[in-house]
Trainee: 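What follows is a structure written as structure tokens; I'll ask about it next.
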Number of protein chains: 2
Amino acid sequence: MILSDITDIKQTPQRLAIIEYLELNRVHPSALDVYKAVSEKFPTMSFATVYNTLEKLKEKRLIIELSIDTGKKRFDCDTRPHHHLICVKCREIFDVFTEFILELPEDEFQGFDIIGNHVDFYGICKKCKDIEGLGSEQNKD
Amino acid sequence: MILSDITDIKQTPQRLAIIEYLELNRVHPSALDVYKAVSEKFPTMSFATVYNTLEKLKEKRLIIELSIDTGKKRFDCDTRPHHHLICVKCREIFDVFTEFILELPEDEFQGFDIIGNHVDFYGICKKCKDIEGLGSEQNKD
DNA sequence: TCCTAATTTAGAATCAATTTAAGTTGAGAA
DNA sequence: TTCTCAACTTAAATTGATTCTAAATTAGGA
């Protein structure tokens, strides 16, 4: 997402702050993350503004909405095609730019017109591994 | 999931009805779908029972919880490793049993211990294609 | 500068999911 | 058989994320 891409929507201070936050925090934040950070600059800002802005940016295809967490939307300001590496402990999401050739055999098509694919890799991130290692005697999952 | 796998939890009539529903409706239903269907048989059954049962079955690894829809959990009673084919219009989910070899190059590991992967294919299902075709003049997304 | 549609705001409403507390059930012990 | 206790079910309250609403404000073009 590039600021200059935002042409046909009004450039309000709140929106610019939200966009700046997304540009600088590429950890796939939730709406709450965005709200918390941006409302420090704009204490009167409401949640609706965050959601409205994120929705608008999504419409303009400047960000992508992720369904990786149930019960919570997360947003990705990198719209290049890519995959994800997700920590099953802390739910941090990392980007993966390797391309994979995924040919679905015809008999699995189920009558679909296929338009894309996405791979999620699951694992345990370095930080969570280290924490696990430390507490190995009184290990609780 | 097989009934006989359920050993160390009580086999109540409500639970058996929920399991039967999951066995017969492999469309990856939501908790609401399960509740709607099973409460026809047990009109006094509460939502909490559905959630408790689904949670318990998940713990026992007899079903899988999917995060494909934001804001709503969906459940898959097929615990064999497999991928999904998702209609971007109606959100129906189909199973894909083709196996893919997905080698993540070392420099993309980001310090993770990788434990698995999952592929989502996106497309438009036959039903939605047909509906689209019909209304091609007054086409609305 | 003026105008107007777009945007922001606080608060209410909604929806999915979880928690709570009270009542029920059923398998094993006495 | 009756007692007991833990597991289970239930309705209702609560939480958390999101959406809606209606009134006030504002960006950006005329």
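Letters go in sequence order (proteins before strands), and every chain restarts at 1.
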Trainee: Taking the side chain of Thr44(A) as its heavy atoms from C-beta onward, which of dA10(C), dT9(D), dT7(C) lies nearest to it?
Mentor: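 Looking only at side-chain atoms, Thr44(A) lies closest to dA10(C).
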Trainee: Write down the protein N/O and nucleotide N/O pairs, taken from nucleotides 17-19 of chain C, whose separation is under 3.5 Å; answer none if there are no such pairs.
Mentor:
| from | atom 1 | to | atom 2 | distance (Å) |
| --- | --- | --- | --- | --- |
| dA17(C) | OP1 | Lys73(B) | N | 2.4 |
| dA17(C) | OP2 | Tyr51(B) | OH | 2.4 |
| dA17(C) | O5' | Tyr51(B) | OH | 3.3 |
| dT18(C) | OP1 | Lys73(B) | NZ | 3.0 |

Trainee: Does a side-chain heavy-atom distance below 4.5 Å link Phe100(A) with Val119(B)?
Mentor: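 Sidechains of Val119(B) and Phe100(A): no contact.
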Trainee: Rounded to whole angstroms, how far apart are CD1 on Ile19(B) and P on dC8(D)?
Mentor: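 Those two atoms, CD1 and P, are 12 Å apart.
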Trainee: Evaluate the side-chain proximity of Phe75(A) to Asp33(A): yes if any heavy-atom separation is below 4.5 Å, no if none is.
Mentor: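 No - every pair of side-chain heavy atoms lies 4.5 Å or more apart.
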Trainee: Can you tell me the distance, in whole Å, between the CD atom of Gln14(B) and the C1' atom of dA7(D)?
Mentor: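 Interatomic distance, CD of Gln14(B) to C1' of dA7(D): 13 Å.
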Trainee: Just how far, in rounded Å, is P of dG16(D) from OH of Tyr35(A)?
Mentor: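 It works out to 15 Å between those atoms.
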Trainee: Nearest-Å distance, CZ (Phe42(A)) to C1' (dT8(C))?
Mentor: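 Rounded to whole Å, this separation is 12 Å.
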Trainee: Is the ring pair His83(A)/His118(A) parallel, tilted or perpendicular, if the boundaries are 30 and 60 degrees?
Mentor: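 Correct class here is tilted.
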Trainee: Classify the angle between the aromatic ring planes of Phe47(A) and Tyr51(A) as parallel (below 30°), tilted (30 to 60°) or perpendicular (above 60°).
Mentor: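 Correct class here is parallel.
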Trainee: Quick one: is Ser46(A) getting a side-chain N or O under 4.0 Å of the dT8(C) phosphate, OP1 or OP2?
Mentor: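 It does not, given that no N or O in the side chain of Ser46(A) lies less than 4.0 Å from OP1 or OP2 of dT8(C).
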Trainee: Starting from P on dA16(C), measure out to CD on Glu65(B) and report it in whole angstrom.
Mentor: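 Interatomic distance, CD of Glu65(B) to P of dA16(C): 15 Å.
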Trainee: With a 4.0 Å cutoff (strictly under), does any side-chain N or O of Arg15(A) reach OP1 or OP2 of dA6(C)?
Mentor: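 Answer no for this pair, as no side-chain N or O of Arg15(A) is under 4.0 Å from OP1 or OP2.
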Trainee: Would a distance-only check, ignoring hydrogens and angles, find a side-chain to backbone donor-acceptor pair under 3.5 Å from Arg91(B) to Val88(B)?
Mentor: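 Here the side-chain-to-backbone pair does not exist.
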Trainee: Has Arg74(B) got a side-chain atom pairing as donor or acceptor with His28(B)'s backbone, closer than 3.5 angstrom?
Mentor: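 It does hold such a pair.
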Trainee: Strictly distance-based, threshold 3.5 Å: is any side-chain N or O of Arg15(A) a donor or acceptor partner for the main-chain N or O of Val50(A)?
Mentor: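 Not confirmed, Arg15(A) side chain does not pair with Val50(A) backbone.
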Trainee: Has the side chain of Asn25(A) got a donor or acceptor atom that lies under 3.5 Å from a matching backbone atom of Val27(A)?
Mentor: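 Side chain of Asn25(A) to backbone of Val27(A), a donor-acceptor pair under 3.5 Å: no, none is there.
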Trainee: Give the B/S/- string for nucleotides 24-30 of chain D, one per nucleotide from 5' to 3', where a protein heavy atom under 4.0 Å of the base yields B, of only the sugar-phosphate yields S, and otherwise -.
Mentor: ---BS--
Trainee: Take the protein atom NZ of Lys60(A) and the nucleotide atom C1' of dA6(C), then report the distance between them rounded to whole Å.
Mentor: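 So the two atoms are 12 Å apart, to the nearest Å.
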Trainee: Give the rounded distance in Å between these two atoms: CG of Leu54(B) and P of dT9(D).
Mentor: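 To the nearest whole Å, that distance equals 12 Å.
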Trainee: Is the shortest heavy-atom distance from the side chain of Ile124(B) to the side chain of Phe112(A) under 4.5 Å?
Mentor: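 They are not in side-chain contact.
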Trainee: Please determine whether a side-chain nitrogen or oxygen atom of Lys56(B) lies at a distance below 4.0 Å from atom OP1 or OP2 of dC8(D).
Mentor: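 Yes.
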Trainee: Give the rounded distance in Å between these two atoms: NZ of Lys36(A) and P of dA17(D).
Mentor: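 In whole Å, dA17(D) P and Lys36(A) NZ are 9 Å from each other.
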